[in-house]
Amino acid sequence: MAVLQVEGGRKLFGEMRIHGAKNSALPLLTAALICDGETILENCPNLSDVDYTIDILKTLGCTIEREGSTLVINSSNAYGSTVPEKYMQKMRSSVLFIGAMLSKCGSARVTYPGGCELGPRPIDLHLKSIGTLGVDINERHGKIDCRCVGRPQGAVITLPFVSVGSTENAILCSVKAHGTTKILNAAAEPEIIDLCEFLNKCGADVRGAGTGTITINGVNRLHGCTHRIIPDRIEAATYMSACAVTGGRMRLTHICTENIQPVLYAFRESGCTVDLDENSLFISAPKRLSRIKLVKTQPYPGFPTDAQAPLMSMAAVANGTSIFIETIFSDRFKHIEGLTRFGANIKSEQSVAVVEGVEELYGTKVYAPDLRAGASYIVSALSANGISEIDGMVHINRGYENISENLNALGANTQIKEE
Ligand code: UD1
């Protein structure tokens, strides 16, 4: 098991290049299954979740080559329609293969997906949307068997609440359907726009991405294309938090300034200066952060739930009381227990956390229970007095490429120890 050792109290300075977005890369790789021929994905992050997705594509008959951050996927001979349980268990986004396999070959056999435990994460909306598209779904003993006669059938899908994954699955399943599909109350995340732009380059007819209504006119076939994955807005917010707690100054390059907007108010409220130019951002932190009055997670363009934990690490050392309200996942305060081990003063009740900023945190040993909790522990460890050890790197490696090397290049002192 890998453990990250962090010496706290060093200011972070310098420049860091943000990688491609994990939450775009996974659906885009999945979508590549539907295309005939070669798909080239540039700016693909090197993450364990990407590796798991590649494993699934290979199982289904795709060939994949990686050169640096470019992946070349050939799906011409891919007709597998079963994702084995051991792969489904690895991550939540494996569920997107249902829509992709149905589009590719009219059937999909999967089990329930794994991923971060953020409370109950059912896939009922995914299955209901896919069922609306004329697909027969049989669930027995944890196995899900989906089939359609010929191609899926276009329909109106109304999502009762915004779900990123369900929107993506409905798009993947309907892209080659007979007729037109409308998704009402669709998610508007930048990663959805990226997926739709990719599909359109491959010959699809998807309109309205980034709004609450997405219209998909089914086409007969998709071909490959070359596509550059958008920058990871959560990775950017995490490094900004790391900079903020250490009182540092940092330039983040290769970001999308529009997609990062929903988190900027919180950094500015905490006293950080944030300047944007075309594709980069400069952040300069004060000696002591001020409280962030309210962080309430919402679907895009609201504050992203994935940035809530690292921002709480900022609030933990800020001057004053900050309030966090988590509205997306019922169990996304798992980091609080570990943060209190660092000496943070946080009380939570259901979806609300009250963070009373303290002057200083202390180095400690913690176990990362999920990806973003792990990120918040790293941020706290960077600000803490003394050495910290963060166990559970397996979670952190799912979403952050080379985090130890990147932080060290910015002046931190971290090392990965294999135990
Ligand atoms: C995606 C992101 C994740 C992010 C989340 C919210 C990827 C790979 N993951 O996850 O990082 O935290 O969006 O921005 O892109 N729900 C149901 N039934 C369903 C589907 C969802 O009840 O069938 C609920 C979930 O439990 C949750 C809410 O809907 O409470 C939103 O989840 P959703 O947007 O679907 O998140 P994911 O797509 O899993």
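One-based numbering, in listed order, for ligands and for the atoms of each.
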Using the rule given for side-chain contact (heavy atoms from CB on, under 4.5 Å), can you reason through M91 versus T53, listing the C-alpha separation, both sets of side-chain angles and the distance that settles it, and then say yes or no? CA-CA 9 Å; M91 56 186 174; T53 309; 3.2 Å; yes
Quick test of your reading of the model: are R332 and D306 salt-bridged, counting only N-O distances below 4.0 Å? yes
Evaluate S163 for polar contact with ligand 1, using N/O atom pairs at a separation under 3.5 Å. yes
Check this for me - ligand 1, F329, N or O atoms closer than 3.5 angstrom, yes or no? no
Does an N or O from V162, backbone or side chain, lie closer than 3.5 Å to an N or O of ligand 1? no
So which bit of F161 gets within less than 4.0 Å of ligand 1, heavy atoms only: side chain, backbone, both or neither? side chain
Do side-chain atoms of R151 reach the backbone of K176 as a donor and acceptor pair under 3.5 angstrom? yes
List every atom of ligand 1 that sits less than 4.0 Å from any heavy atom of G165, numbering the atoms from 1 in the order shown and giving each element. 35 (O), 38 (O)
Within this structure, what is the OG1-CZ distance for the pair T257 and R233, rounded to the nearest 0.5 Å? 13.5 Å
Has ligand 1 got any nitrogen or oxygen that is less than 3.5 angstrom from a nitrogen or oxygen of D306? yes
Any N/O of N23 closer than 3.5 Å to an N/O of ligand 1? yes
Which is closest to atom 22 (O) of ligand 1 by heavy-atom distance: P122, P160, S330? P122
Mark up the atoms of ligand 1 that fall under 4.0 Å of a heavy atom belonging to I328, in ascending order. 27 (C), 28 (C), 30 (O), 31 (C)
Check this for me - ligand 1, L26, N or O atoms closer than 3.5 angstrom, yes or no? no
Verify salt bridge (charged side-chain N to carboxylate O under 4.0 Å, His left out) between D136 and R147, making sure each step is shown before the conclusion. CA-CA 5 Å; D136 250 1; R147 278 168 202 284; over 6 Å; no
With backbone taken as N, CA, C and O and side chain as the heavy atoms from C-beta onward, which portion of R92 lies under 4.0 Å from ligand 1: side chain, backbone, both, or neither? side chain
Proximity to ligand 1 by part of L127, non-hydrogen separation under 4.0 Å: neither
In terms of heavy-atom contacts, I157 and A170 come closest through CD1-CB, 3.8 Å
Quick check: does D124 get an N/O under 3.5 Å from an N/O on ligand 1? yes
Is it true that H126 lies under 4.0 Å from ligand 1, counting heavy atoms only? yes
Numbered in order shown, the ligand 1 atoms found under 4.0 Å of a heavy atom of R332 are 12 (O)
Test: K143 and D145 ion pair at under 4.0 Å: no
Does K104 count as lying over the ring of Y79, i.e. NZ or CZ under 6.0 Å from the six-ring centre, within 45 degrees of the axis? yes
Charged N to carboxylate O under 4.0 angstrom, D391 versus K365? no
At under 4.0 Å between heavy atoms, is it the side chain or the backbone of T305 that contacts ligand 1, or both, or neither? side chain
Trace of the side-chain contact (heavy atoms from CB on, under 4.5 Å) decision for Y239 with L12: CA-CA 10 Å; Y239 281 93; L12 298 190; 5.8 Å; no
